[in-house]
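Data first, discussion second: the structure below is written as structure tokens.
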Amino acid sequence: MKTGITIGSALFVAAVLIGVVQLWFTPWRPDVFLKLELTLGAAFIIDIVICFVIKEYAEDKANRGGDHLN
């Protein structure tokens, strides 16, 4: 879970930094910038979904096994 949070945070920070760099210096054409932002956004959403599925699976497995959730 911690790895997923770290990856998600890194993707978010990267998207913000790319946006700020584009705002101040315009190193990319608008279409390339949009592709970069959409790619980072998609990777961020995929990371969130995977983390959620893994968390729910672990909780379901603990509940079915009779273990207590921590």
Side-chain angles (χ1 to χ4, degrees):
M1 190 69 180
K2 290 181 183 180
T3 304
I5 292 171
T6 303
I7 292 170
S9 297
L11 288 169
F12 180 77
V13 169
V16 169
L17 288 177
I18 286 175
V20 170
V21 169
Q22 180 70 11
L23 179 68
W24 283 94
F25 304 110
T26 318
W28 301 285
R29 294 186 327 259
D31 62 325
V32 175
F33 170 69
L34 181 62
K35 289 177 186 178
L36 286 171
E37 287 291 320
L38 289 175
T39 301
L40 287 171
F44 180 73
I45 297 298
I46 290 168
D47 178 63
I48 289 173
V49 168
I50 289 172
C51 285
F52 179 74
V53 167
I54 290 171
K55 177 181 170 260
E56 288 297 316
Y57 175 75
E59 287 180 2
D60 185 56
K61 186 176 178 182
N63 285 336
R64 289 179 189 265
D67 297 335
H68 296 288
L69 295 177
N70 293 330

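By the criterion of side-chain heavy atoms lying less than 4.5 angstrom apart, applied directly or through intervening Ile, Leu, Val, Met, Phe, Trp or Tyr residues, Ile5 is not grouped with Phe52; the two fall into different hydrophobic clusters. No continuous path of hydrophobic side-chain contacts links Leu38 to Val49 [ILVMFWY only; heavy atoms under 4.5 Å]. Residues Val21 and Leu36 share a hydrophobic cluster, clusters being chains of Ile/Leu/Val/Met/Phe/Trp/Tyr side chains in contact below 4.5 Å. Residues Phe25 and Phe33 share a hydrophobic cluster, clusters being chains of Ile/Leu/Val/Met/Phe/Trp/Tyr side chains in contact below 4.5 Å. Leu17 is not connected to Ile7 by any chain of hydrophobic side-chain contacts under 4.5 Å among Ile, Leu, Val, Met, Phe, Trp and Tyr, and they are in different clusters.
Rounded to the nearest 0.5 Å, atoms CZ (Phe12) and CD1 (Ile48) are 10.0 Å apart.
Residue pairs satisfying the side-chain hydrogen bond (donor to acceptor under 3.5 Å, both in side chains) criterion with at least one member in residues 7-28, sequence neighbours excluded, are absent.
Scanning both residues, Cys51 and Gly4, for their nearest heavy atoms gives SG-CA, 3.3 Å.
With sequence neighbours left out, the side chain to side chain contact (heavy atoms under 4.5 Å, CB included) criterion links Leu40 to Leu11, Ala14, Ala15, Ile18.
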